[in-house]
Amino acid sequence: MDAAPDRTPLTRDFFDRPVLEVAPDLLGRVLVRDSDDGPIELRLTEVEAYAGEADPGSHAYRGKTPRNAVMFGPPGHVYVYFTYGMWHCMNLVCGPEGMAGAVLLRAGEITEGAELARKRRLSARNDKELAKGPARLATALDVDRSLDGADLCGDPNSPFRILTGTPVEAKQVSEGPRTGVGGEGSVHPWRFWTANDPTVSPYRAHVPRRRRT
DNA sequence: TCTTCGATTTACT
DNA sequence: GTAAATCGAAGAG
């Protein structure tokens with residue numbers, strides 16, 4: 001029998017480390033999302049690291065803007081962006097203030113509140129698909145830009161918390177190129193996932209969109 | 001100001 | 001397998 005997940009909240013020190021150290025360490029952790037509709041808990045199974053202004057694949061590459069400002073702030077906060085005209089994706093800000101590191105939450109397993117997640121993810125054919133992909137994960141958790149900047153540590157009114165959970169052993173952590181990231185950004189193996197977990201999203205290489213006529 | 005295209009998902013051939 | 005959906009950020013002019 002597996003031991004019950006540790007429900008001790010992670011402190012800000014956890015996030016105040018280099019992003020490449022934090023990212024694999026997030027696998028197996030439990031994200032708690034409180035909303036008016038009720039709580040949802042998600043065990044993280046897949047993440048991607050974005051390493052600040054020096055990383056061509058990162059939104060922070062071209063410096064600080066109103067959209068990405070949270071990435072440049074203190075660690076332990078949530079960065080939410082809107083993309084493709086219809087989806088949101090959720091990141092956790094890591095590293096010291098000013099470094100603009102963040103970890104994209106790409107997939108997870110809903111361990112509490114699956115019924116609520118199903119209502120928000122009507123196209124999901126089974127529970128493994130509820131949070132299988134970054135925009136799906138954000139949809140299941142009802143995350144949008146209004147939650148940009150929310151604190152994960154130390155704010156009792158925050159809609160988010162992250163618990164110690166059951167960290168995935170190093171030998172169970174797989175790594176590879178980041179999904180959907182093109183150019184020089186694709187050379188780094190900065191995507192981390194739990195080996196053999198059915199909730200991990202399929203890899204898709206970056207494809208430049210065709211010009212509309 | 002105008003044009004392009006994205007850390008994606010879904011539906012359809 | 002491919003394309004559409006749909007809007008805002010960012011680069012070009």
Side-chain angles (χ1 to χ4, degrees), chain A residues 15 19-20 22-24 26-27 31 42 44-73 77-95 99-110 117-149 174-193 198-213:
Chain A
F15 298 99
V19 64
L20 290 177
V22 177
L26 278 167
L27 299 175
L31 179 69
L42 178 89
L44 293 172
T45 59
E46 182 188 358
V47 299
E48 267 173 16
Y50 288 84
E53 291 181 273
D55 177 3
S58 172
H59 289 170
Y61 183 53
R62 291 172 185 84
K64 187 175 178 177
T65 67
R67 177 214 208 186
N68 66 21
V70 171
M71 294 179 83
F72 289 80
H77 290 252
V78 175
Y79 164 55
V80 180
Y81 67 87
F82 181 62
T83 192
Y84 289 98
M86 61 196 106
W87 306 112
H88 293 273
C89 296
M90 175 174 177
N91 300 252
L92 308 183
V93 177
C94 300
M99 289 288 286
V103 177
L104 172 69
L105 307 186
R106 288 199 55 89
E109 175 191 2
I110 305 283
R118 287 185 205 110
K119 290 181 189 168
R120 296 169 176 162
R121 291 271 305 116
L122 295 177
S123 62
R125 288 166 297 188
N126 58 64
D127 284 2
K128 307 293 185 198
E129 290 186 351
L130 288 175
K132 189 179 196 162
R136 290 168 167 184
L137 184 153
T139 302
L141 269 53
D142 193 27
V143 171
D144 62 35
R145 282 284 286 167
S146 73
L147 297 171
D148 187 49
S174 303
E175 62 177 58
R178 293 181 293 191
T179 299
V181 176
E184 301 170 51
S186 61
V187 304
H188 306 289
W190 287 349
R191 171 176 178 250
F192 303 93
W193 67 94
T199 64
V200 172
S201 67
Y203 174 74
R204 288 199 284 272
H206 175 72
V207 182
R209 194 173 72 171
R210 275 221 311 236
R211 208 159 71 85
R212 76 164 228 260
T213 53

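The chains referred to below are lettered A, B, ... by the order of the sequence lines, with proteins before strands, and numbering in each begins at 1. Everything quoted here is computed from the prediction, not taken from an experiment.
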Classify every nucleotide of nucleotides 6-11 of chain B by which part a protein heavy atom approaches to under 4.0 Å, writing B for the base, S for the sugar-phosphate alone and - for neither, in 5'-to-3' order. BBBBS-
Quick one, A:Asn91 and A:Met71 - any side-chain contact, counting heavy atoms below 4.5 Å? no
Hey, does the side chain of A:Asn68 reach the backbone of A:Thr65 with a donor-acceptor pair shorter than 3.5 angstrom? yes
Please list, chain by chain and in numerical order, all residues satisfying side chain to side chain contact (heavy atoms under 4.5 Å, CB included) with A:Val181, sequence neighbours excluded. A:Tyr50, A:Arg178
Listed once per pair and sorted, the salt bridge (Lys or Arg N to Asp or Glu O under 4.0 Å) pairs that draw on residues 128-139 of chain A, sequence neighbours left out: A:Arg125-A:Glu129
Show me the pairs that pass salt bridge (Lys or Arg N to Asp or Glu O under 4.0 Å) and involve residues 100-110 of chain A, at least two apart or across chains. A:Arg43-A:Glu109, A:Glu46-A:Arg106, A:Glu48-A:Arg106
Does A:His77 use its side chain to pair, donor to acceptor, with the backbone of A:Gly149 at less than 3.5 Å? yes
Quote, to the nearest angstrom, the P distance that separates B:dT4 from C:dA4. 16 Å
Anything below 3.5 Å on both distances counts as a pair; with that, list the stems of at least three consecutive Watson-Crick or G-U pairs involving DNA chain C. B:1-6 with C:7-12, B:8-12 with C:1-5
Sugar-phosphate only, base, or nothing, as touched by A:Thr65 at under 4.0 Å among non-hydrogen atoms: sugar-phosphate
C1' atom, C:dA3 versus B:dC5: distance in rounded Å? 15 Å
Residues which pass side chain to side chain contact (heavy atoms under 4.5 Å, CB included) with A:Val93, listed by chain and number, not counting sequence neighbours: A:Val70, A:Tyr79
Please round to the nearest 0.5 Å and tell me the distance separating atom OG1 of A:Thr199 and atom CG of A:Leu44. 9.5 Å
